[in-house]
Structure formats: C-alpha cells, structure tokens
Number of protein chains: 2
Amino acid sequence: MARKTGSHAEITGPAIRAAALRLFARSGYAAVSMREIASEVGVRAGALYLYTPDKQTLLFELMKDHLEGLIAEWRSMDVLGAPPERLEKFVKYHIGYHFDRGDDVFLAYMELRNLSEENFATVEALRRAYEDELEAVLAAGQSDNTFEISDVRVTTRAMIAMLTGVHVWYRDGGRLSRDSVLRIYWDLARRMVNA
Amino acid sequence: MARKTGSHAEITGPAIRAAALRLFARSGYAAVSMREIASEVGVRAGALYLYTPDKQTLLFELMKDHLEGLIAEWRSMDVLGAPPERLEKFVKYHIGYHFDRGDDVFLAYMELRNLSEENFATVEALRRAYEDELEAVLAAGQSDNTFEISDVRVTTRAMIAMLTGVHVWYRDGGRLSRDSVLRIYWDLARRMVNA
DNA sequence: GTCTATAGATGGATAGAC
DNA sequence: GTCTATCCATCTATAGAC
C-alpha cells in the first residue's frame, strides 16, 4: 500500500477510483473521507486533487462510468431472438454483473441521494435507460403473446428490484453456486411473465 | 416550527424522532447533522441530548422500533389459513406498510452500514426474523403442495426485494392507485410460487 | 506527482446560565 | 427543558516546497 514519493500517474488514477469505489460501497459516500481514500492508495489527501476536482465528481464518475458500461455491454450482446431467450439472457447478464462487479452495482443503487442535482439527473437518465432495455424485452414478449403481463412498467421495476437484491445475500463459497443462483432467478423471472 | 423557550418534553421527543426519520431517509444518516435535526424541530442542537445520548442511538432506535412494530403487527394478523391466503395477506401487508410508512422502511433498508457493530447485530436479527415470517408461509405452501418452489430461502429473499422495491417508484397520485399496485404485486408473487 | 502545512468550515457533544 | 457558548475533532480543498 504505502509508496514512496514519485511520479505514478498511470497507476495512481485507477487506484484512487478503485479505493473510492470499495470504500464508498462499504461505508457510504458521506462517511468516507478523502484522507481515508488517500491512505488506502498510499498517498496523502492533497494528491487526490490531481485526479479529481472534488469528492462529488469522484462519486459521479464512478456511477456514470459503471452505468454506461452496463448499458453498452448489454446492447452489444442483446440480439433479436425470441423474447424468452432475450429475457433469460438479460436475467443472467444482470446477476452475472453483480457477481463480478458488486461494488459498482451497489454504489449506483445506494448513493443517488448524495449526487448533486445536475449529476443526479444524468445518472437517473442512465438508470432509466437500462431499465428500458428490460422493458423492451418484456414489451416484445407481450406483443407476440409469449409473455402474459398485466403491467409491463411495474413488472420491469419489480423484476429489476428482485434481481438486484441478490447482492444483499449472495457470497461466493456459500450454500449455492453462481450457476444455481442464475438458474433459480431465471426460473422466478420466467414465472413472473408466465413464459 | 420555531418555538419559544420552555418545557415541551411531551412533544419535543417525538418531534425529534420524526424529524430525524425524515431527514435520515431523505439525505442519509451520515449527511445529516444534529444541528439540522434540531433546526427542523425548532430547538438548538444541545437540546437534542436531553432525548438521546447520541446520534447513533437515535438512528438505532428508529430502526429497531420500526422493525419490532412491523413484526408484531404482522404476527397479530397472520392466521393459520391456507398458504395462498397467507401469502396474499403478507404481500399486501408489506406493500401497504410502504405506502404509509415509507421512510421507516427505507431507513431500515438503507442505513445498516451506519450502525455500530452491536446495534447492527440487533437490527439484523430483527430483519431476519421478519424474513422468516415470509419464509414460513412459503415453506408451508411447499409442504402441502399448494406452492411449487425450487429454493424456499432464495425465493423468500427475491420476493422481499421485489416487494420492497415499490418504494423506489410509487408515489400517491401517480398513474396507478394503491389498489392496482397491490393487485399487480400479488399477482407477481403468486406466479413466483406457481400458486 | 507528491508532500507538508494549513485555511476555513462544519461536525458531535458538553458545561453552565436561565 | 432549552439556550448560548464553546471545546475539540475532523473534514474538504488549496498553496507552495521538493
């Protein structure tokens, strides 16, 4: 962790973001100090300001980059298959993302309150765009009668909440394997739309 | 809001708790100052310490009292009906509680990270006890084959997450009435267990 | 690029007057 | 029961040395 004085632009920047992500996710944005982040990286607090104009921007960019990546990656893999296949793919993609990047997902979910008004609007639009990806799948299935859904919008929100909840309890090495969890949640999602 | 100096023990105590609840839910525990709470109540910060030993205890008691009430009220109304009826009752009870006491539910859900180790253990046990109430209903339905569930524990958690998510988007006066929301979520929950 | 030092603000909590 | 005043810790962010 500790590091001697010198030039390390290539590693310090990402290290700061990684430390901030981990600490924000664990303790909450407001409860984490810049000194704490710096200490985790092995620099002094002042050095952080070479990489971010302020703490708020650090939080905002973590959330924004995460959500943009989440959406872009999904769009790159969503194909025009039948709605049930697309839904299965979405469910497993979403939960798989939680397995590997749980802190990112958690942060984007928990720290909305600590964004400035302007940053909140940007992040909220991204969250809505991601939700719309699932909603499009459900709507497609309703149109061709492979799904039976009473309210597409509410079902979308309910399903996202259900899937995101996996981060509350899942830990690697526990009672269930990742594959088991994927199977169970896909089964629940499938039933929610009568597929 | 502002109030003259004098004795107001009967109203100041509850007013402090109400203000703290609202502010903690809106901005997060760590982001709210004791001065802010006091200002909302119409007293100075020092006066708060006549009613709570410290800020941490204020948070803890809000969460603890809410969860104890949530569990006690449910236990007082859960009867030994058939599992599908009991599940319907639970779903509507849980969401109904969100409608009327959204801040309490939100707080107990979001501020776990800001509890001291000891307080966390207490609150976590209460949360688990509430989860167990739903799990008992699902397990009963699995035993008598009115439900078809692949993993009772995971289904319990998934359902709680789904139901709790209603607080993210529901607002009175929106597109859907409370009754519509209850109906839609009950339908989703019913499908999750193939009832 | 990082450090030391510090300005300037704000935080939780307490003491003592009323 | 509440207020004023304040202690002391801590915070974000900046300035200037290296």
Side-chain angles (χ1 to χ4, degrees), chain A residues 1-24 26-63 111 113-119, chain B residues 1-24 26-63 111 113-119:
Chain A
M1 217 91 79
R3 183 148 41 78
K4 294 284 181 278
T5 299
S7 296
H8 300 275
E10 330 74 41
I11 62 172
T12 302
I16 288 170
R17 294 167 56 88
L21 173 62
R22 214 166 58 78
L23 292 170
F24 287 164
R26 171 174 306 174
S27 310
Y29 171 78
V32 174
S33 71
M34 294 298 265
R35 282 181 179 81
E36 212 173 335
I37 297 168
S39 163
E40 186 83 359
V41 175
V43 298
R44 298 295 190 165
L48 300 185
Y49 293 88
L50 293 166
Y51 301 92
T52 183
D54 49 37
K55 190 185 174 189
Q56 165 73 205
T57 304
L58 187 52
L59 172 66
F60 171 61
E61 290 184 346
L62 285 172
M63 296 175 75
E111 296 297 347
R113 293 180 303 187
N114 287 304
L115 289 170
S116 70
E117 200 171 343
E118 190 187 352
N119 290 342
Chain B
M1 219 89 82
R3 184 149 41 80
K4 297 283 182 278
T5 298
S7 296
H8 299 276
E10 330 74 40
I11 62 172
T12 300
I16 289 171
R17 295 169 54 89
L21 173 62
R22 215 166 58 77
L23 292 170
F24 287 164
R26 171 173 307 174
S27 310
Y29 171 78
V32 174
S33 70
M34 295 299 268
R35 284 176 177 81
E36 210 173 336
I37 297 168
S39 163
E40 186 83 358
V41 174
V43 298
R44 300 294 190 164
L48 300 184
Y49 292 88
L50 293 167
Y51 301 93
T52 182
D54 49 38
K55 192 184 173 191
Q56 165 72 207
T57 304
L58 188 51
L59 172 67
F60 171 62
E61 289 184 347
L62 285 172
M63 295 174 76
E111 297 296 348
R113 293 180 302 186
N114 288 305
L115 289 170
S116 70
E117 200 172 343
E118 190 187 352
N119 289 342

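Lettering follows sequence order; numbering is per chain, from 1. Just so you know, these numbers use all the heavy atoms, side chains as well, and skip hydrogens, waters and symmetry mates.
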Measure from the side-chain N and O atoms of Y29(B) to the backbone N and O of Q56(B), and report whether any donor-acceptor pair falls under 3.5 Å.
yes
Between K55(A) and V32(A), is there a donor-acceptor pair closer than 3.5 Å when you use the side chain of the first and the backbone of the second?
yes
Quickly work out the [X] [atom1] to [N] [atom2] distance and round it to whole Å.
{"X": "E36(A)", "N": "dT10(D)", "atom1": "CD", "atom2": "C1'", "answer": "12 Å"}
{"X": "I16(A)", "N": "dT2(C)", "atom1": "CD1", "atom2": "P", "answer": "7 Å"}
{"X": "Q56(B)", "N": "dG12(C)", "atom1": "CD", "atom2": "C1'", "answer": "13 Å"}
{"X": "L50(A)", "N": "dT2(C)", "atom1": "CG", "atom2": "P", "answer": "7 Å"}
{"X": "D54(B)", "N": "dG11(C)", "atom1": "CG", "atom2": "P", "answer": "17 Å"}
{"X": "K55(B)", "N": "dT14(C)", "atom1": "NZ", "atom2": "P", "answer": "15 Å"}
{"X": "Y51(B)", "N": "dG12(C)", "atom1": "OH", "atom2": "P", "answer": "19 Å"}
{"X": "L48(B)", "N": "dT2(D)", "atom1": "CG", "atom2": "P", "answer": "10 Å"}

So, are E111(B) and R113(A) salt-bridged, with charged N and O less than 4.0 Å apart?
yes
Taking C-beta and beyond as the side chain, do V43(B) and L48(B) meet within less than 4.5 Å on heavy atoms?
yes
At their closest point, which heavy atom of N114(A) faces which heavy atom of L59(A), and how far apart are they?
O-CD2, 3.9 Å
Correct closest heavy-atom pair for I37(A) and I16(A) would be CG2-O, 4.1 Å
Sugar-phosphate atoms are those with a prime plus P, OP1 and OP2; base atoms are the rest. Using that split, label each nucleotide of nucleotides 4-10 of chain C B, S or - for protein heavy atoms under 4.0 Å, 5' to 3'.
B------
Is the phosphate of dG1(C), meaning OP1 or OP2, less than 4.0 Å from a side-chain N or O of T12(A)?
no
Counting side-chain heavy atoms from CB outward, which of dT14(C), dT12(D), dT2(D) is closest to Y49(B)?
dT14(C)
